[in-house]
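The structure appears right after this line, and notes come after that.
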Amino acid sequence: MTAEPSRRCGYVAIVGRPNVGKSTLLNHLLGQKISITSRKPQTTRHQITGIKTGAGHQIVFVDTPGLHRDAGRAINRYMNRAASSAIRDVDAVVLVVDRTSWTEEDSAVLQQVERAGRPVILAVNKVDLLADKEVLLPHLGELEHRGRFAAILPVSALRNHNVAALEDEIVRLLPESEYFFPEDQLTDRSQRFLAAEIVREKIMRQLGEELPYAAAVEIEEFSQEEDILNISALIYVERSGQKKILIGDKGARLRSIGAEARRDMELLFQSRVMLRLWVKVKSGWSDDARALRSLGYEDP
Ligand code: GDP
Ligand code: MG
């Protein structure tokens, strides 16, 4: 008989409305910027955003593209389907909210998660911003009545406060299982995909209100030339008005998106990056299933 200590492994989704700190939290849970491996994508139904292997456990974080109420357009139908199927298959969900505020959007996300019937940990993020720490305790008490949570934890993703405790709570919910991935594997996403994601994220961050889901990104060139990584990205928008918004006054908006994206890419790829961005109008792309596939929105 072998006396191997049992291992835990499972899929975990981090969900929440935009800007609550999901990406920041994921980065701190992973303990480093996502690094790239050259392995081929695994055959899994999930979009994996990162893999954290600890002492005796492996947490596979998966993506749940936004939860959208307007399900009319192909892009939103796709996003909804992807979100609900991703949530149904995970072992635990981390719902992130912003401090003491609770919005309708938070309720909508929670509802969708509860429908999937997976255990939910509530992470009350950004508590470092609370001037009055006294309000926290009664508020955490109130949150208990919002849903059935496996745990409620105040955290600060940015300051890395209580993130280790959150990881412990996650591990508690994982089944005993062998690891799904080699211990040194951090993500199975391709570098091109991650480059496109970074550009998309910067567009959303800078123009989310004005261009909700109106932009898709295709990486045209991705090549290393001595110590410089050359990346060209084509940004598709629906209408010429959106192209104008994206480019901005004398190109200022696009430059600023490019500058932020390049900084993240240099950190991620550990290389100097030359980034070129182009904007193209391709009307109807977000309502055309085949165009979506060609832009990397794989149907799960
Ligand atoms: P996401 O849209 O949910 O992925 O949110 P992000 O991780 O992109 O974070 C949105 C903003 O909130 C960023 O400016 C973060 O730096 C900031 N943020 C995230 N977590 C914290 C936190 O714990 N404390 C503070 N003060 N800011 C945070
Ligand atoms: Mg994010």
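As the structure lists them, so they are numbered: ligands from 1, and atoms in each ligand from 1.
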Numbered in order shown, the ligand 1 atoms found under 4.0 Å of a heavy atom of L129 are 26 (N)
Can you tell which part of R159 has a heavy atom less than 4.0 Å from ligand 1: side chain, backbone, both or neither? neither
Examine the proximity of ligand 1 to N125 and report which part, side chain or backbone, both or neither, has a heavy atom under 4.0 Å away. side chain
A cation-pi test, strictly: NZ or CZ of K282 under 6.0 Å from the centre of the six-membered ring of Y236 and no more than 45 degrees from its axis. Yes or no? yes
Would a line drawn from the ring center of Y11 to the ring center of F180 be shorter than 6.0 Å? yes
Counting only nitrogen or oxygen atoms and a 3.5 angstrom limit, does G21 reach ligand 1? yes
Any nitrogen or oxygen of V155, side chain or backbone, less than 3.5 Å from one on ligand 1? no
Does R272 pair with E266 as a salt bridge, N-O distance under 4.0 Å? no
Does the distance from a Lys or Arg side-chain N to an Asp or Glu carboxylate O, for D89 and R118, drop under 4.0 Å? no
Just going by heavy-atom distances, which of E201, R205, K22 is nearest to atom 8 (O) of ligand 1? R205
Going by an N to O cut-off under 4.0 Å, is there a salt bridge joining K52 and E167? yes
If the cut-off is 4.0 Å to any non-hydrogen atom of S156, which atoms of ligand 1 fall inside it? 22 (C), 23 (O), 24 (N)
Just let me know how T24 lines up against ligand 1, side chain, backbone, both or neither, with a heavy-atom cut-off below 4.0 Å. both
Determine whether more than 12 heavy atoms belonging to other residues, nucleotides or ligands lie under 6.0 Å from atom NZ of K133. yes
